[in-house]
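These notes are about the structure you will find just below.
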Amino acid sequence: MREVFNAAARRVPAWSVYLAGVLPCIWIVYGLNTGGAGPDPVRALETQLGLWALKFLIASLAITPLRWAGINLLKFRRAIGLVAFFYISLHLTTWVALDLGFRWGQIGADLYKRPYIIVGMIGFLTTLPLAITSNNAAIRRLGAVMWRRLHKLAYVAAMAGTIHYVMIGKVWKAESLIYLAIVILLLAARAFRALRQAQQPA
């Protein structure tokens, strides 16, 4: 079964992820234009963009554990990560442009009053070098070892994004806690595997 799935995945071009990744954005915009965003469309836009960013971050994190299970989707990881950065950037731009109206002085006040924004900014700043270096030229310049170390920032980005989402709610919500549990499990699986490999005799 896994061989059949992997064979089918090999026939799918990686660029198709970019096309599929745009579809949620189109659906969100459609909802805004048809009145489906509720009484606060800006907040709805922010929330939906941020949630899709988190979904794609989690999807990129899941690639490696799936590979351990024999499902090889590695060729899609870079595209998934870049789509996640696309939604993170839109989420941030919506906050700055539509929510704050480019009132730059308000940003400092919001950071002070709303700690979850600080966590969200940490998530964005950690994805920035990942997006910049998500190309073959960067791998050649940095070297494979340094590049892999740098891209471990994806773990920080995913955790920061999830905590940001949990903190936004004034009460604990099952949905946000589920996302948090998924990220913790994915990171714990990596830590457990690294620990087992370190304990193996040379």
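Sequential numbering from 1 along the given sequence is applied to the chain's residues.
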Please list every donor-acceptor pair under 3.5 Å in which a side-chain atom of residues 148-159 meets a protein atom from a residue at least two apart or in another chain.
{"unit_1": "His151", "atom_1": "NE2", "unit_2": "Thr133", "atom_2": "OG1", "d": "2.8"}
{"unit_1": "His151", "atom_1": "NE2", "unit_2": "Trp147", "atom_2": "NE1", "d": "3.2"}
{"unit_1": "Tyr155", "atom_1": "OH", "unit_2": "Arg190", "atom_2": "NE", "d": "3.2"}

Show every donor-acceptor pair shorter than 3.5 Å between a side-chain atom in residues 65-74 and any protein atom, with sequence neighbours excluded, or say none if there are none.
{"unit_1": "Asn72", "atom_1": "OD1", "unit_2": "Leu74", "atom_2": "N", "d": "3.1"}

Under a 4.5 Å side-chain heavy-atom rule over Ile, Leu, Val, Met, Phe, Trp and Tyr, are Leu185 and Ile163 clustered together? no
Are the side chains of [Y] and [X] in contact, using a 4.5 Å heavy-atom criterion?
{"X": "Arg78", "Y": "Asn136", "value": "yes"}
{"X": "Thr64", "Y": "Leu186", "value": "no"}
{"X": "Val42", "Y": "Trp95", "value": "no"}
{"X": "Leu130", "Y": "Thr126", "value": "no"}

More than 12 heavy atoms from other groups under 6.0 Å of OH on Tyr18: yes
Quick check on Arg2: does its CZ atom have over 12 non-hydrogen neighbours (other residues, nucleotides or ligands) under 6.0 Å away? no
Would you please classify the geometry between the His164 ring and the His91 ring as parallel, tilted or perpendicular, with 30° and 60° separating the classes? perpendicular
What are the two closest heavy atoms between Ala14 and Ala79, and how far apart are they? O-CB, 3.9 Å
Going by the side-chain hydrogen bond (donor to acceptor under 3.5 Å, both in side chains) test, which pairs reach into residues 49-60, not counting sequence neighbours? none
Sole residue of Leu92, Leu90, Ile88 in side-chain contact (heavy atoms from CB on, under 4.5 Å) with Leu49: Leu90
Consider side-chain contact (heavy atoms from CB on, under 4.5 Å). Of Tyr87, Tyr179, Phe56, which one does Leu51 pass it with? Tyr179
